[in-house]
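Down below is the structure, laid out as structure tokens.
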Protein chains: 4
Amino acid sequence: MSIASRTNETKWDRRYKDALDAAAEAFAERGYLGSSTKDIADKLGIQQGSLYYYLPSKEQALAAICELGVQKFVARLGEILDSNGPSSEKLRAAIANHLMPLTMKPEGDYVRVFVHHRHQLPSGPRQAVAALARRYHNLIERLFAEAVRCGDFRSDLNPTLAAHAMLGLCNSVTGARTQPAGASIEAIIDEYADILTRGMNVDRAKTTNNKSQPASRR
Amino acid sequence: MSIASRTNETKWDRRYKDALDAAAEAFAERGYLGSSTKDIADKLGIQQGSLYYYLPSKEQALAAICELGVQKFVARLGEILDSNGPSSEKLRAAIANHLMPLTMKPEGDYVRVFVHHRHQLPSGPRQAVAALARRYHNLIERLFAEAVRCGDFRSDLNPTLAAHAMLGLCNSVTGARTQPAGASIEAIIDEYADILTRGMNVDRAKTTNNKSQPASRR
Amino acid sequence: MSIASRTNETKWDRRYKDALDAAAEAFAERGYLGSSTKDIADKLGIQQGSLYYYLPSKEQALAAICELGVQKFVARLGEILDSNGPSSEKLRAAIANHLMPLTMKPEGDYVRVFVHHRHQLPSGPRQAVAALARRYHNLIERLFAEAVRCGDFRSDLNPTLAAHAMLGLCNSVTGARTQPAGASIEAIIDEYADILTRGMNVDRAKTTNNKSQPASRR
Amino acid sequence: MSIASRTNETKWDRRYKDALDAAAEAFAERGYLGSSTKDIADKLGIQQGSLYYYLPSKEQALAAICELGVQKFVARLGEILDSNGPSSEKLRAAIANHLMPLTMKPEGDYVRVFVHHRHQLPSGPRQAVAALARRYHNLIERLFAEAVRCGDFRSDLNPTLAAHAMLGLCNSVTGARTQPAGASIEAIIDEYADILTRGMNVDRAKTTNNKSQPASRR
DNA sequence: TATGAATGAGCCTTCATTCAT
DNA sequence: GATGAATGAAGGCTCATTCAT
């Protein structure tokens, strides 16, 4: 008895996942409308017509990618919020949660497709996906609201706009065709987390790590 | 003598501009590939075939939009950089320069198309446009480099990544299909400028406006 | 009183002729279907729409070119047939009549259009033109028939096929995109007349010019 | 095992050939520009869009027809030149080689398309086809040059012009919309071969076969 | 399971023609 | 006499999708 059958994963299931991965890759590379079903089939090494044995339609593939692709995202973000630690640490973890998958296949493609192409869905599936996106946004927003409430972040910070800013900043990395010259994802995460927490102005408190600042200033 | 003839602007010139505006609007709404030439013609109130009296091709329209649409952008950014004042003010002005047009027709559409659809151009025109984009990016990067050099911004700020961050943050506003709930562009500009300069952490120096900070620290 | 008005040729008449010439040139260069009305208008230096002040339609222009263009042809061929002289001389004159105009503007274009594009006419005008063509063909055929009857040409020569051969040979010059390397039209006329009358075989009667043969044989 | 599989000819191969044949027929009947892809598809009994399962483009079909259609031609002409026999016989065989296919489907269409429409190819493929055409022309020219050298044909015959004449004469048959009234292709071949070799003038030597003439006159 | 063949709708573009001015 | 503006009908081509095998 093979592992596949033990886990109840049929060959079809495996190939379905492959097809979705291929579609995600194609969509990420050339856009949803710019990708033909032949592009996807080519990546899978099958004929165009055969694709329909796995995918009901190109549109449905997009929907599935958007839905499946971000669920883990949301789940992990929830864990981050539930954890303990200073808000700046949570923010940093949230940024990392958002950006780390970009370097991985196929996760990165799923994220990219979700971020850039979910709006091309017809209104039915779009709303389902939009709900997921809103949930994600709300989690981020809550992070900021709590950080303000507990005094970690400035009291004049608008949590809604802050959430937009953080997501926008992260999503911009997602769409980057030219990777910021030679910068690793880790470096980007560090820099962006620093910018969001400490800002760009010269630090009046001479410390590199803001976690220890409050203590040293009090 | 009509105004049109005084300014040497023929009817064709006016309608050409209209056609470009209509194309920009369509592209901004449905994407380049998602917009049919009929969509554009409908916005103009003419037949699809008549569009070609003004536009040589859909592709060429995209190229023209991208090129024309950002030239004023770059020019104004140059002026901002040449001005005097603290770096945080320059940054704020640069952000405003980037975001203010978004509220205007047709400027906003031109910006959106430039940001999101310039990559769909065939390599010829794409490179011309890419050069413009790089120039813009370099100006922003220089802003940060100089700010660091003159001590306005943290010495450990990476100007290249900072430029990516600032542009990414601004461009994310560009793509927002749902305007951040009830927030005016001006509010967004303020908040984003604050976030980038002061960060989110609680201010160790109790000032709301960083412009007055240097004074209070001297 | 100008010449134009004396001859009752209005400016319109002159421009109409110009338009036909331009159309003939365009058709000869790029074919009937390959020529746009803009091509014709460009040659005339007017706008596409203005063409219709002179030409009722592109199709009608083709018809007019075909009809007008060959009438002089037929007339001159009649004169040649009515003349006296040996048949080989008449044949030579007929060939010259057919080929000489090719070097001239706009006559050459009219001939080319008649030969190559008359079949694209819709059946109405086509038949009118076909009648002209048949008349021309019949004249040639009569030349051969008489030449055979009077003993100038071989008695086993089929006049119908001979007419086809002669016309085909001449018309092939008409369509030549590559002028036979450096050969003048006059040289071609000489060579082709020689080939048709004397053939290619070595001459049993040692004369280089068949014109002098009758004398030497009498 | 079917014949198809024995010869490794797939259904696609067969239908591709059919598509080319249909295109050749359409082009021969209505010209390249005058034939729509729908015309071709109709001949095949499929939908217009389905044509593209076999043909990459209308243009490419023209190129393929021109190239494939004449290769056998050239090959056979080479054999004729290599054979032994009097020049007039070779010429006759060359004429037959050129004209016989005209009566056959689809060969005749391929020839007609090659002769009349190869010039509508874009310069890339056109040059490839032009090379074939030049090769063919050169073979004919060589036939005449050798015939002159060995004394079979008149010493004052210009081989280049003679090749143009022979090809022009043959090609005119190709374009004939009205088959020379009731004349079989064989009759045309005979008559044209006679005209080219013996000419039209009365034969001073009363023999039908020119091979024996010199002997009988000496 | 997967393929080959075909469909049919839609898209971008061209172009002959019209007509008010 | 001529123009500029617009039309509407094709035309070539792509592509998501279907289905018998």
Side-chain angles (χ1 to χ4, degrees), chain A residues 10-12 15-16 19 32-41 44-61, chain B residues 10-16 19 32-41 44-61, chain C residues 10-12 15-16 19 32-41 44-61, chain D residues 10-16 19 32-41 44-61:
Chain A
T10 65
K11 185 181 174 198
W12 188 94
R15 294 294 276 162
Y16 171 71
Y32 173 63
L33 288 171
S35 303
S36 72
T37 53
K38 179 159 193 316
D39 291 334
I40 302 171
L44 270 173
I46 63 176
Q47 294 303 110
Q48 190 183 185
S50 311
L51 204 59
Y52 286 76
Y53 183 70
Y54 298 106
L55 303 181
S57 75
K58 186 183 163 187
E59 194 173 286
Q60 217 281 345
Chain B
T10 66
K11 185 186 175 196
W12 189 93
D13 289 326
R14 227 175 311 126
R15 294 291 277 164
Y16 171 70
Y32 174 64
L33 288 171
S35 304
S36 72
T37 53
K38 176 155 195 317
D39 292 335
I40 302 172
L44 272 174
I46 60 176
Q47 294 300 114
Q48 193 221 148
S50 310
L51 202 61
Y52 287 77
Y53 183 66
Y54 299 105
L55 303 182
S57 76
K58 188 184 162 185
E59 192 173 286
Q60 216 280 347
Chain C
T10 66
K11 185 180 174 200
W12 188 94
R15 293 294 276 162
Y16 171 71
Y32 173 64
L33 288 171
S35 303
S36 72
T37 54
K38 179 159 195 313
D39 292 335
I40 302 172
L44 270 175
I46 63 175
Q47 294 303 110
Q48 190 184 182
S50 311
L51 204 60
Y52 286 77
Y53 183 70
Y54 298 106
L55 303 181
S57 76
K58 188 183 161 187
E59 193 172 284
Q60 217 282 344
Chain D
T10 67
K11 185 185 176 196
W12 188 94
D13 290 326
R14 227 175 310 125
R15 294 292 276 163
Y16 171 71
Y32 174 65
L33 288 171
S35 303
S36 73
T37 53
K38 177 159 193 314
D39 292 335
I40 302 171
L44 271 174
I46 61 177
Q47 294 300 114
Q48 192 226 149
S50 310
L51 201 60
Y52 287 78
Y53 184 67
Y54 298 105
L55 303 181
S57 75
K58 187 183 162 186
E59 193 173 285
Q60 216 280 347

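Proteins come first, then strands; the chains are lettered A, B, ... in the order of their sequence lines, and each starts at number 1. Only this structure's heavy atoms are used, side chains among them; waters, hydrogens and symmetry mates stay out.
Residues C:Ile46 and C:Arg15 come closest through the heavy atom pair CG2-NH2, 3.5 Å. Heavy atoms only, all atoms of each residue included: C:Tyr53 and C:Trp12 are closest at O-NE1, 3.3 Å. Of all heavy-atom pairs between A:Tyr52 and A:Ser57, the closest is CE2-CA, 4.1 Å.
Among the heavy atoms of the strands, none lies under 4.0 Å from A:Glu59. Heavy atoms of A:Trp12 sit nowhere under 4.0 angstrom from any nucleic acid atom. Residue A:Ser36 is classed as a sugar-phosphate contact, given heavy-atom separations below 4.0 Å to backbone atoms only.
OP1 or OP2 of F:dG1 lies within a sub-4.0 Å distance of a side-chain N or O belonging to C:Tyr53.
Along DNA chain F, the nucleotide closest to C:Gly49 and the one closest to B:Gly45 are compared, and the more 5′ of them pairs with C:Gly49. Nearest-nucleotide positions on DNA chain F place C:Ser50 closer to the 5' end than the other of C:Ser50 and A:Lys38. Residue-to-nucleotide proximity on DNA chain E shows that, of C:Thr37 and B:Thr37, the 5′-proximal contact is made by B:Thr37.
Note that NZ of D:Lys38 and CD of D:Gln48 are 8.0 Å apart. Values are rounded to the nearest 0.5 Å. The distance from the CG atom of A:Leu55 to the OG1 atom of A:Thr37 is 9.5 Å, given to the nearest 0.5 Å.
Straight-line distance from the NZ atom of D:Lys58 to the C1' atom of F:dG12: 8 Å, rounded to whole Å. The NZ-P distance, from D:Lys11 to E:dA6, rounds to 4 Å in whole Å. Atom CD1 of A:Ile46 and atom P of E:dA5 are 17 Å apart (whole Å). Taking atom OH of C:Tyr52 as the reference point, atom C1' of F:dG1 lies 17 Å away to the nearest angstrom. The CD atom of B:Gln47 sits 17 Å away from the P atom of E:dT18 (whole-angstrom rounding). The CG-P distance, from C:Leu51 to E:dA16, rounds to 10 Å in whole Å. The interatomic distance linking C:Leu33 (CG) with E:dA16 (P) rounds to 9 Å, in whole Å. Protein atom CG of A:Leu44 is 15 Å distant from nucleotide atom C1' of E:dT3, rounded to whole Å.
Helical stems involving DNA chain E, defined as 3 or more consecutive Watson-Crick or G-U pairs under 3.5 Å, span E:2-21 with F:2-21.
Looking only at side-chain heavy atoms (C-beta outward), A:Leu51 and A:Lys58 stay at 4.5 Å or farther from each other.
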